[in-house]
Amino acid sequence: QVQLVESGGGLVQPGGSLRLSCAASGTIYKIDTMSWYRQAPGMQRELVANIGYSDYTYVADVVKGRFTISRDNAKNTAYLQMNSLKTEDTAVYYCNARIAPDGSKWWVENDYWGRGTQVTVSS
């Protein structure tokens, strides 16, 4: 079984920074794409950024230039560096990862979600 655990959320003033972490553990052969999503109350969950195994990245336009996604494959961890935070960034941030648990079936990947970490941007 695979678990994803997010950390690093909290309360920050507008213009401040936070660094989120997503650590994967369990039966893992390879972690493919890792993603950060967010969901504000009453709104749909939206993709913020993702990163492939070989450091291909995507960042949503709404956070481009402010957020940076990265990963450390040796630690099975993804990060989201959030700078110049705005009140509109307030949401629960969720980690998602596509993971192949079995090397003999490397092509079989499952989708996993963390429970989320709260980010609140407020003065």
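Being a predicted model, the structure only gives us computed values, none of them experimental.
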Inset, instruction - Could you grab the distance from atom CD of Q39 to atom CD of Q44, nearest 0.5 Å is fine? - result: 8.5 Å

State, to 0.1 Å, how close [X] and [Y] come at their nearest heavy-atom pair, and which atoms those are.
X: L47; Y: A60; answer: O-CB, 3.6 Å
X: A91; Y: A40; answer: CB-N, 3.8 Å
X: P14; Y: S123; answer: CD-N, 3.7 Å
X: R66; Y: L85; answer: NH1-CA, 3.8 Å

Between [X] and [Y], is there a shared hydrophobic cluster once you connect ILVMFWY residues whose side-chain heavy atoms come closer than 4.5 Å?
X: V2; Y: I31; result: yes
X: V5; Y: M34; result: no
X: W113; Y: V119; result: no
X: V92; Y: L4; result: no
X: V62; Y: V121; result: yes

So [Y] and [X], do their side chains get closer than 4.5 Å, heavy atoms only?
X: N96; Y: Y112; answer: no
X: Q118; Y: T90; answer: yes
X: T57; Y: N50; answer: no
X: T27; Y: Q1; answer: no

Legend entry - Cation over ring face, R115 and Y94, 6.0 Å, 45°: no

Legend entry - More than 12 heavy atoms from other groups under 6.0 Å of OH on Y53: no

Inset, instruction - Ignoring hydrogens and angles, tell me if any N or O in the side chain of T120 forms a donor-acceptor pair with the backbone of L11 under 3.5 Å. - result: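 Flag not set: sc T120 to bb L11 has no pair under 3.5 Å.
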
Legend entry - Results of side chain to side chain donor-acceptor pair (under 3.5 Å) for E109 - residues two or more places apart only: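 Only R98 meet the side chain to side chain donor-acceptor pair (under 3.5 Å) criterion with E109.
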
Inset, instruction - Identify, with sequence neighbours excluded, every residue that meets side chain to side chain donor-acceptor pair (under 3.5 Å) alongside D102. - result: S104

Show every side-chain hydrogen bond (donor to acceptor under 3.5 Å, both in side chains) that has at least one partner inside [range], sequence neighbours left out.
range: residues 28-38; value: R38-E46, R38-D89, R38-Y93
range: residues 3-14; value: none
range: residues 71-83; value: S17-N83, R71-N73, Q81-N83

Legend entry - side chain to side chain contact (heavy atoms under 4.5 Å, CB included) partners for A49, two or more places apart: V59, I69, L80

